[in-house]
Amino acid sequence: MRSDRFTRRAAFALAAGLTLAAAVPALAQDGAKKIRIGVIGAGNIGGTIGTLWVKDGHEVMFASRHPETLAAMVSELGPKAKAGTPEEAIKFGDAVFIAVPYKAYPELSKEIGSSLKGKIVLDAGNATQKRDGALYDEVQASGIGATSAKYFPGAKLVRAFNAANYKVFAKEGADGGKDRTGGRMAIPIAGDDPEALKVAEGLVRDAGFDPVVVGPLKDADKFAMGSPGFGHDVTAPELREKLGLGK
């Protein structure tokens, strides 16, 4: 009897473990798993980071209201790169990367905000006073993370790839920074959803950088444009020290 009870107990434990494993999203694995990524905005940041992901083996759909204008770029990148509308890129992507001027967020919210609910969204936008006006004032009052979350409610938002110029990303990404003394360039990220943060960490690594989780979405202010944490081309330990994160 005791042996039978143990066998049944072990079977129940095994079944529970398998159920839990199945419940963990495949996207929450490490960066070795290649996923589909929709890139909203194929300009400097979107084009640069999206290209790094394509070269690492991810399938990437670059989005534009006029996707035919992206034909030359995706042709040059090969079969893993595609062009589509923002709506198509969202449906295509396991994760979405938003890299458009911040002034476009209110209109973008009206167009695709509902489609982003439940999606893992990496947000690279920055607000500038000259370009964004009242939206910049909103960011100053509420914080960059909270403002982005307001325009994309329900998205699993992670602030990422906003703390440096795209030229630095192009230079240091992928194998560009492999010979750096002390390690690769660090990319600060912040978000509230653990699964989304895990995916973002993997995608940062796949682009050729080291992720540094700064904290929840509200802590994105620590590396927002104009903050002391913005614009550092340093390694992960150095960035943690600058941001007071410890080792």
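Because the structure is predicted, anything quoted here is derived from the model rather than measured.
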Q) In terms of hydrophobic clustering (I, L, V, M, F, W, Y; side-chain heavy atoms under 4.5 Å; direct or indirect links), are F169 and I37 co-clustered? A) yes
Q) Using a distance-only test with no angle check, is there a side-chain donor-acceptor pair under 3.5 angstrom linking Y102 and N162? A) no
Q: Would you check if the side chain of K119 reaches a backbone N or O of G93 as a donor-acceptor pair within less than 3.5 Å?
A: yes
Q) Quick one: are D94 and I120 in side-chain contact, heavy atoms under 4.5 Å? A) no
Q) Short question: side chain of D132, backbone of T128 - any donor-acceptor pair under 3.5 Å? A) yes
Q. Hey, does F97 have a side-chain heavy atom less than 4.5 Å from the side chain of V60?
A. no
Q: Taking the side chain as every heavy atom from C-beta outward, state whether D210 and L239 have any atom pair closer than 4.5 Å.
A: no
Q) So, for K82 and F92, which heavy atoms are closest and what is the spacing to 0.1 Å? A) CD-CE1, 3.9 Å
Q.
With a 4.5 Å cut-off on side-chain heavy atoms, are R205 and P211 touching?
A. yes
(Q) For residues V100 and V39: do they belong to one hydrophobic cluster (side chain heavy atoms under 4.5 Å, members Ile, Leu, Val, Met, Phe, Trp, Tyr)? (A) no
Q. Between F161 and Y166, is a ring-ring contact (aromatic ring centres under 6.0 Å, His included) present by the stated rule, with each step listed?
A. CA-CA 9 Å; F161 293 111; Y166 78 95; over 10 Å; no
Q | Partner of D219 under side-chain contact (heavy atoms from CB on, under 4.5 Å), chosen from L245, V213, V214 | A | V214
Q) Closest approach of A190 and A220, non-hydrogen atoms and distance? A) CB-N, 3.9 Å
Q | Pairwise distance NZ(K171) to CE(M185) - rounded to 0.5 angstrom | A | 10.0 Å
Q. Taking atom CG of D233 and atom CD of E238, what is their separation to the nearest 0.5 Å?
A. 9.5 Å
(Q) Quick one: does any side-chain atom of D123 pair with a main-chain N or O of R159 as donor and acceptor, under 3.5 Å? (A) no
Q.
So for atom CD, which belongs to E68, do other residues, nucleotides or ligands contribute more than 12 heavy atoms lying within a distance under 6.0 Å?
A. yes
Q.
Taking G47's backbone N and O only, do any of them form a donor-acceptor pair with T51's side chain (distance below 3.5 Å, no angle check)?
A. yes
Q: Would you check if F223 and V212 make a side-chain contact, meaning some heavy-atom pair closer than 4.5 Å?
A: no
Q. Can you tell if the side chain of P86 reaches within under 4.5 Å of the side chain of E111, non-hydrogen atoms only?
A. no
**Q.** Co-membership, hydrophobic cluster, residues I112 and V121, 4.5 Å side-chain
**A.** yes
Q: Let me see the working for Y151 and E138 under side-chain hydrogen bond (donor to acceptor under 3.5 Å, both in side chains), right down to the final yes or no.
A: CA-CA 12 Å; Y151 288 104; E138 184 177 354; 3.0 Å; yes
Q: Kindly compute the distance separating CD (E195) from NZ (K156), expressed to the nearest 0.5 Å.
A: 4.0 Å
Q: Taking the side chain as every heavy atom from C-beta outward, state whether L157 and D192 have any atom pair closer than 4.5 Å.
A: no
Q | CG on L52 to NE2 on H58, rounded to 0.5 Å | A | 10.5 Å
Q: Look at the side-chain heavy atoms of Ile, Leu, Val, Met, Phe, Trp and Tyr, link any pair under 4.5 Å apart, and say whether F62 and I40 land in one connected group.
A: no
Q: Enter the distance from K167:NZ to I45:CD1 here, rounded to the nearest 0.5 Å.
A: 11.5 Å
Q.
I'd like to know if V96 and V54 are part of one continuous hydrophobic network [Ile/Leu/Val/Met/Phe/Trp/Tyr, side-chain heavy atoms within less than 4.5 Å].
A. no
**Q.** NZ-CE distance between K91 and M61, expressed to the nearest 0.5 angstrom
**A.** 11.0 Å
Q: Return the minimal non-hydrogen interatomic distance between I144 and A127, and the atom names on each side.
A: CD1-N, 4.3 Å
Q.
On a heavy-atom basis, which atom in A207 and which in W53 lie closest, and how many Å separate them?
A. CB-NE1, 3.8 Å
Q: Inspect the contact between R184 and E172 and indicate whether a charged nitrogen and a carboxylate oxygen are less than 4.0 angstrom apart.
A: no
